[in-house]
Amino acid sequence: MKNITIIGTGYVGLVTGVGLSEFGNKVICADIDNDKILKLKAGEIPIYEPGLDEIIKRNVQNNRLLFTSDISSSIKNSEVIIIAVGTPQSDSGEADMQYVYSVVNEIKENLNGYKVICTKSTVPIGTGKKITNILKNNFKENSDFNYVSNPEFLREGSAVKDFLWPDRIIIGTSSLIAYEVMCDVYRPLYINKSPINHTSVETAEMIKYASNSFLALKISYINEIANLCELVGADVHDVASEMGKDGRISGKFLHPGPGFGGSCFPKDLESLSFISDEHGVQMDTLTAAITANRKQKKQMCNKLEKLVTTGIKDKVIAVLGLSFKANTDDIRESSSIDMINFILSMGGNVRAYDPIANKSMSRLFSNISYFKNVYEAIKKADALVVMTEWNEFIDIDLNKVYELMDKKFIFDMRNILDKNDERLGKFNYFGLGN
Ligand code: UDX
Ligand code: UDX
């Protein structure tokens, strides 16, 4: 068990901090955003993640989890420093590393004895070497510090489960001592034989980008297959499930939709594409995934315009689902943003509902109406579009929907409604890929 400081208490930093305290480590979650820290100290969790609040309570009560904005003292009092600050996308597509390097400088000023410096944020390949060289200006590698790349693979909406039961843990480091320290940090998983893989720093950094980009590529592929299915009379549902029966393909991440979003896929694809260009390696697969996804978001808007034959101007469109996927309040790069912008640009009106992301979206759009449930949102609507695969949308009462709506256009961009449901027969219904 180790004394650990996590710097950056966002989706990744908070879940990691809480997960590592659950493993028995003493964890300080540090963040420059003092409001966020005060909320966390008051037991208020700034993000929605199923199961997170209960684990936070338990570990705070057992004095294994603390929150602070005093980053320098927490660094001094810890053996392992984990960097989990944002690496947002810059205009060029390159990852913006300013927050990571400002944290590295803070670590440099407070290195008071041997520490393992570990990066969890998604950082360009070669960052580990750069951080090590910055620290080596003032300190001795192996005696004062060692560097580790420990990429995170958690998904929002199932982050706690993904952290506590990971498919694998990657420890990228040239130091056996640091590797042992990290095995100790993850001891409960180590004992339960969760695969902990020791690689080089560069390999660990690449594994993260390669994994995210491949998953995004898979989604862009099935979206394009779905678009073709519609024109050749095939059913993408059956196509995907039969493809998935081939273990080399696997059925996971073969759900067509309105285009992938979130804080990771779009920016990690752009960042890897930037890195490959920088090294003169043209990765056409990445460019294809990026272009296909941008087109998919546009295509959904065009399809809605085609579906609502009476035009979108002055129409009322109910948008069901605002977050970039189910079980999260995160709207970053959500396809709903593109759809709402499109409807408004066509002179349409939006009645929106999301089980938990209304508040996040209202910070972006104050000129649309938000409702507390599906049926209020679709009242007098001409069309409804399903944007996010929330479970509660799966079994909406279609008879009630029919009574409440004005015109009867349904566009299900997540294929969560059962297309064989007879009740859909009385609607102008449109799914994806069939
Ligand atoms: C982050 C990275 O953005 C992403 O690259 C990586 O894949 C996962 O981790 P996320 O946790 O979603 O993603 O970031 P975000 O929710 O933006 O949280 C970052 C936190 O770092 C914020 O709370 C911010 O206040 C904090 N921060 C930022 C610091 O504490 N110090 C800084 O210097 C900058
Ligand atoms: C992703 C990676 O899955 C995770 O391993 C990494 O650590 C962070 O980035 P996340 O962004 O939380 O996680 O969401 P994910 O579940 O991967 O979904 C990303 C986007 O793809 C969402 O918009 C989702 O709706 C979409 N998606 C996913 C599809 O359209 N079809 C699918 O089959 C799967």
Side-chain angles (χ1 to χ4, degrees), residues 5-17 29-37 39-40 46-47 49 67-69 71 74 82-89 95-106 119-124 127 151-159 162-163 166-168 207-209 211-223 226 236 240 244 250-269 271 289 293 296-297 321 323-328 330-336 387-390 413-415 432:
T5 282
I6 306 255
I7 304 174
T9 311
Y11 280 87
V12 169
L14 183 58
V15 175
T16 301
C29 279
D31 199 291
I32 51 170
D33 180 342
N34 196 37
D35 288 350
K36 186 179 271 191
I37 293 298
K39 279 199 182 111
L40 283 161
I47 59 170
E49 266 305 326
F67 300 104
T68 184
S69 48
I71 294 172
S74 56
I82 298 182
I83 303 172
V85 293
T87 51
Q89 185 185 326
D96 176 353
M97 296 297 291
Q98 63 175 300
Y99 306 122
V100 169
Y101 288 119
S102 84
V103 168
V104 171
N105 287 328
E106 185 118 28
T119 298
K120 249 200 185 305
S121 297
T122 307
V123 293
T127 300
E152 185 45 55
F153 302 96
L154 58 82
R155 291 163 295 166
E156 291 181 27
S158 59
D162 290 352
F163 189 87
D167 294 327
R168 79 291 209 200
I207 290 169
K208 175 62 185 175
Y209 274 118
S211 305
N212 267 9
S213 303
F214 183 77
L215 290 169
L217 187 60
K218 212 175 167 183
I219 297 165
S220 278
Y221 181 79
I222 200 66
N223 284 343
V236 72
S250 125
K252 294 196 176 134
F253 276 56
L254 281 181
H255 305 291
F260 57 75
S263 67
C264 292
F265 282 179
K267 86 169 167 64
D268 292 350
L269 270 173
S271 176
N293 198 54
Q296 186 71 0
K297 292 186 176 186
S323 54
F324 79 95
K325 63 176 205 177
N327 304 320
T328 179
D330 197 342
I331 60 163
R332 289 181 279 187
E333 303 285 328
S334 172
S335 303
S336 306
M387 295 298 298
T388 313
E389 70 284 17
W390 286 98
M413 294 186 205
R414 294 285 183 170
N415 284 349
L432 283 186

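For ligands, and for the atoms within them, numbers begin at 1 and follow the listed sequence. Predicted model only: the values in this text are computed from it and were never measured.
- In terms of protein heavy atoms, atom 18 (O) of ligand 1 is closest to Gly10 CA, 3.2 Å.
- Of all protein heavy atoms, the one closest to atom 9 (O) of ligand 2 is Cys264 CB, 3.2 Å.
- When atom types are taken as modelled, the side chain of Asn327 and the backbone of Glu156 share no donor-acceptor pair closer than 3.5 angstrom.
- For atom 7 (O) of ligand 1, the nearest protein heavy atom (residue, atom name, distance) is Thr122 OG1, 2.6 Å.
- Checking side-chain atoms of Gln296 against main-chain N and O of Pro258 turns up no donor-acceptor pair under 3.5 Å.
- Thr87 places no side-chain N or O within 3.5 Å of a backbone atom of Ala95 that could act as its donor or acceptor partner.
- Residue, atom and distance of the protein heavy atom nearest to atom 10 (P) of ligand 1 are Tyr11 N, 4.0 Å.
- Using a 4.0 Å cutoff on heavy atoms, Gln98 does not count as a contact of ligand 1.
- Side-chain atoms of Lys218 do not come within 3.5 Å of backbone N or O of Leu254 as any donor-acceptor pair.
- The ligand atoms of ligand 2 that sit less than 4.0 angstrom from a heavy atom of Glu156 are 12 (O).
- The protein heavy atom nearest to atom 3 (O) of ligand 2 is Arg155 CG, 3.2 Å.
- Ile83 has its side chain out of reach of Val123: every pair of non-hydrogen atoms, C-beta onward, lies at least 4.5 Å apart.
- With hydrogens and angles disregarded, no donor-acceptor distance shorter than 3.5 Å links the side chain of Ser69 to the backbone of Asn34.
- For the pair Ser263 and ligand 2, the shortest N or O to N or O distance does not fall below 3.5 Å.
- Across all their heavy atoms, Pro151 and Lys120 have their closest contact at O-NZ, 3.8 Å.
- With hydrogens and angles disregarded, no donor-acceptor distance shorter than 3.5 Å links the side chain of Asp31 to the backbone of Ile37.
- For a threshold of 3.5 Å applied to N or O pairs, the pair formed by Asp268 and ligand 1 contains no separation below that value.
- Looking from atom 15 (P) of ligand 2 to the surrounding protein, the closest heavy atom is Lys325 NZ, 3.5 Å.
- Considering backbone and side-chain atoms together, Gly257 places no N or O closer than 3.5 Å to any N or O of ligand 2.
- In this structure a side-chain-to-backbone donor-acceptor pair under 3.5 Å is missing from Arg332 to Gly262.
- Residue Arg414 has at least one nitrogen or oxygen atom sitting less than 3.5 Å from a nitrogen or oxygen atom of ligand 2, judged on distance alone.
- Near Gly86, the atoms of ligand 1 lying under 4.0 angstrom from a non-hydrogen atom of the residue are 2 (C), 3 (O), 19 (C).
- At a 4.0 Å cut-off, not a single heavy atom of Lys218 sits close enough to ligand 2 to count as contact.
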Quiz item: Could you walk me through whether Leu269 and Phe260 pass the side chain to side chain contact (heavy atoms under 4.5 Å, CB included) check?
Solution: CA-CA 11 Å; Leu269 270 173; Phe260 57 75; 3.4 Å; yes
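- Residue, atom and distance of the protein heavy atom nearest to atom 32 (C) of ligand 2 are His255 O, 3.7 Å.
- In this structure, Leu154 and Ala159 approach most closely via the heavy-atom pair CD1-CB, 3.7 Å.
- Counting only distance, with no hydrogens or angles, the side chain of Ser74 and the backbone of Thr5 share no donor-acceptor pair below 3.5 Å.
- The N/O atoms of Gly262, backbone and side chain alike, include none that comes under 3.5 Å of an N/O atom in ligand 2.
- Residue Ile222 does not touch ligand 2, judged by heavy-atom distances below 4.0 Å.
- Annotation: Phe260 places no N or O atom under 3.5 Å from an N or O atom of ligand 2; distance criterion only.
- A 4.5 Å side-chain heavy-atom check between Tyr209 and Ser271 finds at least one atom pair inside the cut-off.
- The two residues Ile6 and Ala84 come nearest to each other via the heavy atoms CG2-CB, 4.1 Å.
- Annotation for ligand 1: atoms under 4.0 Å from non-hydrogen atoms of Arg332 are 12 (O), 16 (O), 17 (O).
- Summarising the contacts of atom 2 (C) of ligand 1 with Val103, Ile7, Val85, the nearest heavy atom is found in Val85.
- Counting only heavy atoms of the protein, atom 30 (O) of ligand 1 lies nearest to Ile32 N, 3.1 Å.
- For ligand 1, the atoms lying closer than 4.0 Å to a non-hydrogen atom of Asp31 are 20 (C), 21 (O), 22 (C), 23 (O), 24 (C), 25 (O), 26 (C), 30 (O).
- The nearest heavy-atom contact from the protein to atom 5 (O) of ligand 1 is Thr87 OG1, 2.5 Å.
- At the top of the distance list for atom 21 (O) of ligand 1, counting protein heavy atoms only, stands Gly8 CA, 3.3 Å.
- Residue-ligand proximity, Phe265 to ligand 2, at heavy-atom distances under 4.0 Å covers atoms 1 (C), 2 (C), 3 (O), 9 (O), 17 (O), 19 (C).
- Under 4.0 angstrom from ligand 1, there are no non-hydrogen atoms of Glu152.
- Judged by the shortest distance from any of its heavy atoms, Lys208 lies inside the 4.0 Å radius around the atoms of ligand 2.
- What sits closest to atom 28 (C) of ligand 2 on the protein, heavy atoms only, is Ile219 CD1, 3.5 Å.
- Atoms of ligand 1 lying under 4.0 Å from any heavy atom of Ser102, numbered from 1 in the order shown and given with element: 33 (O).
- Ligand 1 has no N or O atom lying under 3.5 Å from any N or O atom of Ile71, backbone or side chain.
- Of all heavy-atom pairs between Lys36 and Pro46, the closest is CG-CG, 3.9 Å.
- An N or O contact shorter than 3.5 Å links Val12 to ligand 1 by distance.
- For the pair Asp33 and ligand 1, the shortest N or O to N or O distance does not fall below 3.5 Å.
- Annotation for Pro256 and Ala226: closest pair CB-CB, 3.8 Å, computed over non-hydrogen atoms.
- Side-chain atoms of Ser121 come within 3.5 Å of backbone N or O of Val85 as a donor-acceptor pair.
- Across all non-hydrogen atoms, the minimal contact from Thr388 to Lys325 is CG2-C, 3.2 Å.
- Remark: the backbone N or O of Lys252 is paired with a side-chain donor or acceptor of Ser250 at under 3.5 angstrom.
- You'll find the side chain of Leu217 stays beyond 4.5 Å of the side chain of Ser213, heavy atoms only.
- Heavy-atom proximity to Lys36, at under 4.0 Å, picks out these atoms of ligand 1: 22 (C), 23 (O).
- At least one N or O atom of Phe153 sits closer than 3.5 Å to an N or O atom of ligand 2.
- Proximity of Leu154 to ligand 2, defined as any heavy-atom pair under 4.0 Å, is confined to the backbone N, CA, C and O atoms.
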